[in-house]
Amino acid sequence: MSFEQLKSVVATLESDIASGPIVPTVGPLEIRDYLASRYDFTKPLALDEVTADVERMLRTWQVQVTHPRYFGLFNPSVTLASVIADTLVAMYNPQLAAWRTSPAANEIERHTLGWLAARFGLPAATSASFTSGGAEANLSAVIVALTRAFPQYGEAGLRSLSASPTIYVTRATHDAFHKIAHMTGIGRGALRTVATDRHLKMDLGDLAWRVGEDRRNGLAPLMVVGTAGTTTAGAIDPLPELAHFCRAQDLWFHVDAAWGGAAILSPRLRGHLAGIEAADSITCDAHKWFSVPMGAGMFFCRHPDAVGEAFRAQAPYMPGRTAGPVADPYTSSVQWSRRFIGLKLFLALAQQGESGYVAMIEHQAHMGDVLREAVQRAGFRVVNRTPLPLVCFTRDGLVASEFLKALYERQVAWMSEVRLGDEEPVVRACVTSFRTTESDIEWVVREMSRLSWPELKVTA
Ligand SMILES: Cc1ncc(COP(=O)(O)O)c(C=O)c1O
């Protein structure tokens with residue numbers, strides 16, 4: 001297939017998805033029976049036939065996250081350039097573990113990451129790598145922070161530390177940190193949940209109190225996680241104040257900008273990320289607001305020596321280190337064998353240019369404003385405050401789960417349910433597709449108003 005043909009396949013797919021259902025109505029048994037009845041792998045099948053069948057399954061049996069009316073969990077529509085990139089990567093299958101095996105791919109990644117590190121205001125010597133996603137980038141941050149704070153951690157392990165490390169998060173911090181605390185051995189109990197203010201941002205006073213209290217109790221405060229665009233409500237923690245506090249207290253300042261990090265490109269939005277330039281490390285996912293296919297996260301760290309120490313490795317079967325300013329990715333990141341993750345961001349950036357990206361990001365931010373205003377005009381109450389395109393809303397007596405069920409049954413849109421604080425769950429709608437238009441939003445809000453009452457259970 002030529003790239004012209006691929007382009008036309010992608011264009012057809014986009015319009016088919018946009019005019020089709022968003023939410024599947026299938027259970028596991030239906031799919032298992034279907035697979036068992038067709039695929040026992042005893043005889044070969046024609047590739048065309050299997051491909052068509054798999055496509056039909058994907059068309060019918062999944063939430064269509066690239067649909068313009070998918071207002072979901074940060075899964076984007078994807079640009080054509082990024083699809084072409086993933087196709088090329090699959091075809092050439094470069095191995096990026098060592099620089100010597102894939103010089104072109106390694107340098108393309110380095111170039112792309114360096115460009116974004118500069119946009120974040122990080123120093124030129126920043127160490128950066130692509131990851132499978134935000135969870136791996138956040139894991140990298142904790143490993144490197146531990147390595148830098150406790151030089152004996154790498155060899156002698158946590159048991160050699162005289163005090164237990166603690167990490168400061170809020171209840172809105174991404175839940176991957178619980179798994180990370182488990183996996184790194186500091187334990188889930190090492191996470192300290194700092195209070196938030198009424199806009200769901202980390203409360204500085206409570207943070208200072210908790211750090212002091214933990215020190216008095218013989219613990220070893222390690223890291224503060226500020227989120228730039230929380231998963232539930234798009235809140236941005238007070239990054240400049242957190243940076244200042246961390247510097248004064250000798251704590252590692254990690255910014256989880258997995259979704260919101262893309263806003264750094266926008267002249268309209270980047271002011272909201274002020275303070276990120278002082279981070280010790282940053283997580284930013286290309287597979288969220290940069291609109292490329294999964295999995296493409298990024299980890300940035302201003303302490304290259306600590307990164308090198310945390311991930312050092314030696315193996316006689318690997319290609320020798322290339323002379324010059326080169327770090328082999330298998331010695332400077334979590335992964336060993338490494339896919340060419342960065343090409344999708346590079347190709348999309350090169351094709352659209354930074355101005356194209358700014359337009360795409362600002363379009364989605366504007367659609368967020370349109371959605372916020374439209375739901376309010378329709379009588380819903382918006383309960384979160386963020387400049388990012390994520391709107392949480394409710395209405396007296398609205399039961400979010402029932403409301404969403406009705407939305408799905410009518411194929412109006414995909415939104416989700418979220419609990420902010422101790423209140424009843426509300427509806428969460430995030431503009432994740434660059435294809436979402438004002439008329440999509442108007443239509444969705446009109447349909448939501450129509451089905452609000454009397455069909456839904458009203459508890460009040
Ligand atoms: C703020 C934040 N951090 C981290 C993650 C985890 O990212 P991933 O799912 O790419 O591992 C998410 C996922 O939505 C997120 O919203």
Side-chain angles (χ1 to χ4, degrees), residues 63 65 70-78 82 86 116 120 129-143 167-184 191 193-194 196 200-202 223-237 239 242 253-264 272-273 276 279 281-301 333-335 339 341-342 344-345 364 368 384 386-392 414-420 428-433:
V63 174
V65 301
Y70 169 78
F71 295 95
L73 296 170
F74 300 152
N75 306 124
S77 290
V78 292
S82 64
D86 254 8
L116 191 54
F120 281 128
S129 56
F130 281 96
T131 62
S132 56
E136 185 192 321
N138 287 337
L139 169 67
S140 308
V142 175
I143 295 169
I167 296 184
Y168 299 82
V169 297
T170 70
R171 61 192 289 176
T173 303
H174 194 267
D175 287 291
F177 274 96
H178 295 278
K179 289 166 64 171
I180 291 165
H182 189 142
M183 289 188 289
T184 51
L191 294 190
T193 307
V194 179
T196 47
L200 308 168
K201 296 168 184 242
M202 188 180 278
M223 168 191 274
V224 175
V225 180
T227 306
T230 57
T231 316
T232 49
I236 301 172
D237 283 324
L239 305 181
L242 293 183
F253 178 36
H254 176 66
V255 179
D256 182 352
W259 175 56
I264 203 70
H272 297 285
L273 300 193
I276 200 167
S281 55
I282 298 174
T283 287
C284 178
D285 280 353
H287 69 201
K288 292 191 166 73
W289 205 351
F290 281 92
S291 298
V292 308
M294 286 178 273
M298 291 171 277
F299 172 61
F300 299 88
C301 180
S333 65
V334 170
Q335 298 181 18
R339 180 182 164 84
I341 299 170
K344 40 198 167 195
L345 182 56
Q364 283 172 251
N384 68 322
T386 173
L388 308 179
L390 198 169
V391 185
C392 297
W414 196 91
M415 297 176 182
S416 55
E417 175 182 335
V418 74
R419 192 184 275 274
L420 304 176
R428 173 194 180 281
C430 180
V431 179
T432 53
S433 172

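Positions are given from 1 along the sequence. Just so you know, ligand 1 is whichever comes first in the structure, and atom 1 is the first atom listed for that ligand.
Using a 4.0 Å cut-off between charged nitrogen and carboxylate oxygen, Asp86 and Lys344 count as a salt-bridge pair.
Evaluation of the salt bridge (Lys or Arg N to Asp or Glu O under 4.0 Å) rule for Lys288 yields Asp285 as partners, not counting sequence neighbours. In this structure Pro387 satisfies the side chain to side chain contact (heavy atoms under 4.5 Å, CB included) test together with Ile236, Leu269, His272, sequence neighbours excluded.
Within a 6.0 Å radius of NE2 in His182, no more than 12 heavy atoms belonging to other residues, nucleotides or ligands are found.
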Report each N/O pair between ligand 1 and the protein that falls under 3.5 Å, naming both atoms.
{"unit_1": "ligand 1", "atom_1": "3 (N)", "unit_2": "Asp256", "atom_2": "OD1", "d": "3.2"}
{"unit_1": "ligand 1", "atom_1": "3 (N)", "unit_2": "Asp256", "atom_2": "OD2", "d": "2.6"}
{"unit_1": "ligand 1", "atom_1": "7 (O)", "unit_2": "Gly134", "atom_2": "N", "d": "3.3"}
{"unit_1": "ligand 1", "atom_1": "7 (O)", "unit_2": "Lys288", "atom_2": "NZ", "d": "3.0"}
{"unit_1": "ligand 1", "atom_1": "10 (O)", "unit_2": "Gly134", "atom_2": "N", "d": "2.8"}
{"unit_1": "ligand 1", "atom_1": "10 (O)", "unit_2": "Asp285", "atom_2": "OD2", "d": "2.9"}
{"unit_1": "ligand 1", "atom_1": "10 (O)", "unit_2": "His287", "atom_2": "NE2", "d": "2.8"}
{"unit_1": "ligand 1", "atom_1": "10 (O)", "unit_2": "Lys288", "atom_2": "NZ", "d": "3.0"}
{"unit_1": "ligand 1", "atom_1": "11 (O)", "unit_2": "Gly134", "atom_2": "N", "d": "3.2"}
{"unit_1": "ligand 1", "atom_1": "11 (O)", "unit_2": "Ala135", "atom_2": "N", "d": "2.8"}
{"unit_1": "ligand 1", "atom_1": "16 (O)", "unit_2": "Thr231", "atom_2": "OG1", "d": "2.8"}

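Judged by a 6.0 Å distance limit and a 45° cone about the ring axis, Arg171 is not positioned over the six-membered ring of Phe177.
Sorted by first and then second residue, the salt bridge (charged side-chain N to carboxylate O under 4.0 Å, His left out) pairs involving residues 130-142 (not counting sequence neighbours) form an empty list.
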